[in-house]
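Note that these values count all heavy atoms, side chains included, but never hydrogens, waters or copies made by symmetry.
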Amino acid sequence: MSVTHRLTAPAPGWTATTDVVVVGSGVAGLTVALNVRKAGLRAMVVTKAVLDEGSTRWAQGGIAAALGEGDTPEQHLDDTLVAGVGLCDEEAVRTLVTEGPDAVRRLIATGARFDRGEDGEVLLTREGGHHRHRIAHAGGDATGAEISRALVSAVRVDPDIELIEHALVLDLLTDAEGHAAGLTLHVMGEGQRDGVGAVRARAVVLATGGMGQVFSATTNPAVSTGDGVALALRAGAAVTDLEFVQFHPTPLWVGPDAEGQLPLISEAVRGEGAHLVDADGVRFMVGQHELAELAPRDIVAKAITRRMQEQGADHMFLDGRHFGAEMWEHRFPTILATCRAHGVDPVTEPIPIAPAAHYASGGVRTDPRGRTSVPGLYACGEVACTGVHGANRLASNSLLEGLVFAERIAADLAGRHAAGELPERTVDVAAARAARPVPLPPSEARAEIQRLMSRGAGVLRSAASMADAAAGLALIAEQARSHVAEEKPADPRVETWEAANLLLVATALVAAAAQREETRGCHWREDFPERDDAHWRRHLITTLAASGDPVSTPEEQ
Ligand SMILES: Cc1cc2nc3c(=O)[nH]c(=O)nc-3n(C[C@H](O)[C@H](O)[C@H](O)COP(=O)(O)OP(=O)(O)OC[C@H]3O[C@@H](n4cnc5c(N)ncnc54)[C@H](O)[C@@H]3O)c2cc1C
């Protein structure tokens, strides 16, 4: 039997039972829950905070689908393949773009209200990398909030979807055949389901979102700590493409010790003519690219980071003072209010900005039905790697991916249920006990992990920067192990479990990024500035060794 690992935690004190347990309540998790219900299966959604606390609610631009006149799935496929720089799985992309338009129509039928023109048709806009107007949006720039509102309303009225909020999922439980049979979780709150418990289920779906919190600067909310990827690795599943993290060039910089989610200063501000300048007021994008500040996101993020490194600065500036007060108030009221809430007045001063981790293209490897390499364990949304994004995500494809592959998981579960292939499972308690406990780092390790990652494996990477990050991460792991040996381990609690997840995901990400000796998509190596198809037009598959260390193996070409 292969060795698995688990977080150090008390034994479960209570047990609940359902048919399908879904971890996470973003677009992906709630779509799975609503659709398995249609197949007559009971669903339980467990989520770390409140239902709408995830990246979905923050999505601004919209959701991409070939809905417009003259647009076709084939054109959407072409644009997606270009963005993915040779690493997309074409079958997965074809699935996304052909099933996408109807999935969006079903989302509308569920209650999501998209912006419409006077003729009643859904309005479509264009974003970088798309050759057609195909981005549906809601409330202007509040698309994710509307999708979340609609899905949360729909699950709340279904009595056969059980919702457990403030529940942090720890690890997978399996039966004697190694099939997923449930999970362990910690519920914060009062009542029967306090503390660590277990949920028994016929199948488990991970929809835990991204891992932006691995870095000190991120646009992701506090819950995006990569828990699903860490859980999958400990359970013996394969993860892939972890090195491909997309960075946004202009989140608001809120101070050297800032933690948590940073507000976005939208690309539209540059579109209206704001300039990127350094502390001396020099427009450093001029001469770097013919489009200057409006160069592609990746180029802008890279140029800002280079300038910061050259000048030993932790941020640059976006200067829109020439807009004047009236334009700020009418064109960008939300951004103006956000800046002012952070003590910056864009009318009279340049806005401090710095690139931040935005989207994880990689994740738990799945097949087109959402199945992972562990039987009965599924994954969808940002936690999954379906092969759709390859080396970089095309703007607004992520909400669509969450929607389409969540529906496919529900269809697979429904088919298996109808065929009698989804029996109740008995948890193999001996196997759960035999899993090796992972020593927990102290909660303070979170900030150190984030600092190491932003410095060593952020926008610009090199063998030396990643060796530094890897050494720092190894030291944190070593200290956690020695504290266990000295019988003064960190307390098992939410903060230390999250720190352990961040440490594992960060270690795996650095190992993969150090191994990929080329520049491709959103993975930029200063020491290997070219794309190298001969060696690297393939994926790195990461699993955990018996020691608990992540090992990345290049896929056969
Ligand atoms: C600022 C911002 C703007 C964006 N704009 C766009 C856009 O315009 N278009 C687009 O397509 N994409 C956009 N994205 C990306 C997109 O929002 C996400 O990729 C997508 O919403 C992810 O959905 P999800 O369901 O996979 O995860 P999420 O919505 O992040 O939900 C994850 C859920 O898992 C829960 N969870 C996590 N760990 C645990 C655990 N251990 N136990 C229990 N529950 C757990 C969380 O609490 C949460 O409920 C944006 C992202 C950000 C941050």
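Judged as a side-chain hydrogen bond (donor to acceptor under 3.5 Å, both in side chains), and not counting sequence neighbours, the contacts of E555 are R365. Take E478 and apply the side-chain hydrogen bond (donor to acceptor under 3.5 Å, both in side chains) test, not counting sequence neighbours, and it matches R481. Here H539 pairs with nothing under the ring pair (Phe, Tyr, Trp, His ring centres under 6.0 Å) rule; sequence neighbours left out. For H76, the side-chain hydrogen bond (donor to acceptor under 3.5 Å, both in side chains) test picks out N397, with sequence neighbours left out. Every residue was checked against the ring pair (Phe, Tyr, Trp, His ring centres under 6.0 Å) condition with H523, not counting sequence neighbours, and none meets it.
For residues 398-439, there are no ring-ring contact (aromatic ring centres under 6.0 Å, His included) pairs, not counting sequence neighbours. Screening residues 205-237 for ring-ring contact (aromatic ring centres under 6.0 Å, His included) gives F215-F247 as the qualifying pairs, with residues at least two apart or on separate chains. Pairs engaging residues 408-423 under the salt bridge (charged side-chain N to carboxylate O under 4.0 Å, His left out) rule: E99-R408, R371-D412 [sequence neighbours left out]. Among pairs with a residue in residues 31-54, none fulfils ring-ring contact (aromatic ring centres under 6.0 Å, His included), at least two apart in sequence or across chains. Sorted by first and then second residue, the pairs that involve residues 211-229 and meet salt bridge (charged side-chain N to carboxylate O under 4.0 Å, His left out), not counting sequence neighbours, are K48-D227. Applying the salt bridge (charged side-chain N to carboxylate O under 4.0 Å, His left out) test to every pair with at least one member in residues 433-448, sequence neighbours left out, gives these pairs: R446-E498, E448-R451. Evaluation of the salt bridge (charged side-chain N to carboxylate O under 4.0 Å, His left out) test over residues 8-21, restricted to residues two or more places apart or in two chains, returns D19-R42, D19-R202.
Within the model, atoms CD1 of I164 and CG of L51 stand 11.0 Å from one another, a figure rounded to the nearest 0.5 Å. For the atom pair CZ of R57 and CG of D52, the computed distance is 4.5 Å after rounding to the nearest 0.5 Å. Atoms NE2 and CG, on H389 and L96 in that order, are 7.5 Å from each other to the nearest 0.5 Å. Rounded to the nearest 0.5 angstrom, T240 OG1 and L242 CG are separated by 7.5 Å. With rounding to the nearest 0.5 Å, the separation of CG in L452 from CG in L503 is 9.5 Å. Atoms OG1 and CD, from T225 and Q450 in turn, are 10.0 Å apart once rounded to the nearest 0.5 Å.
At least one side-chain heavy atom of T110 sits less than 4.5 Å from a side-chain heavy atom of L34. In this structure, L399 and L403 have side chains that are not in contact, with every pair of non-hydrogen atoms separated by 4.5 Å or more. The shortest side-chain heavy-atom distance between V459 and W524 falls under the 4.5 Å cut-off. Residues L170 and W497 have side chains in contact (heavy-atom distance under 4.5 Å, counting atoms from C-beta outward). Side chains of L81 and V93 form a contact here, defined as non-hydrogen atoms less than 4.5 Å apart. Residues V20 and Y378 fail the side-chain proximity criterion, which asks for heavy atoms closer than 4.5 Å. With contacts defined as side-chain heavy-atom distances shorter than 4.5 Å, the pair P221/S55 qualifies. Contact check for V199 versus T17: no side-chain heavy atoms found under the 4.5 Å cut-off.
Electrostatic pairing of D532 and R520 does not count as a salt bridge here, judged by no charged N lying under 4.0 Å from a carboxylate O.
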* Verdict with supporting geometry, T31 and E407, side-chain hydrogen bond (donor to acceptor under 3.5 Å, both in side chains) -> CA-CA 7 Å; T31 303; E407 288 190 348; over 6 Å; no

* To do: Quick one: do N220 and W58 satisfy side chain to side chain contact (heavy atoms under 4.5 Å, CB included)? Show the steps, please.
  => CA-CA 8 Å; N220 290 190; W58 295 99; over 6 Å; no

* Under the side chain to side chain contact (heavy atoms under 4.5 Å, CB included) criterion, do Q213 and T218 qualify, and how do the steps go? -> CA-CA 6 Å; Q213 290 289 330; T218 179; 3.6 Å; yes

* Can you list the steps and then say if S552 with T542 is a side-chain hydrogen bond (donor to acceptor under 3.5 Å, both in side chains)? -> CA-CA 4 Å; S552 296; T542 304; 2.8 Å; yes

* So W536 and L87, side chain to side chain contact (heavy atoms under 4.5 Å, CB included) or not? Walk me through it. -> CA-CA 9 Å; W536 285 111; L87 280 188; over 6 Å; no

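Between A379 and I409, the shortest heavy-atom contact is O-CD1, 3.5 Å. Of all heavy-atom pairs between G236 and V374, the closest is C-CG2, 4.1 Å. Here the closest non-hydrogen pair linking G363 and V229 is CA-CG2, 4.1 Å. For the pair A180 and R425, the tightest heavy-atom approach, listed with the atom from each and the gap, is O-CG, 3.8 Å. For the residue pair D175 and D428, the shortest heavy atom distance occurs at C-CB, 3.7 Å. Between P492 and P10 the shortest heavy-atom distance is CB-CD, 4.3 Å.
Between V22 and the choices V32, L206, I161, V46, the side chain to side chain contact (heavy atoms under 4.5 Å, CB included) rule is met once, by V32.
Residue-environment remark: CD (E177) stays at or below the threshold of 12 foreign heavy atoms within 6.0 Å. More than 12 non-hydrogen atoms from other residues, nucleotides or ligands lie less than 6.0 angstrom from CZ of R525.
Checked against the 6.0 Å centroid threshold, Y359 and H248 do not count as a close aromatic pair.
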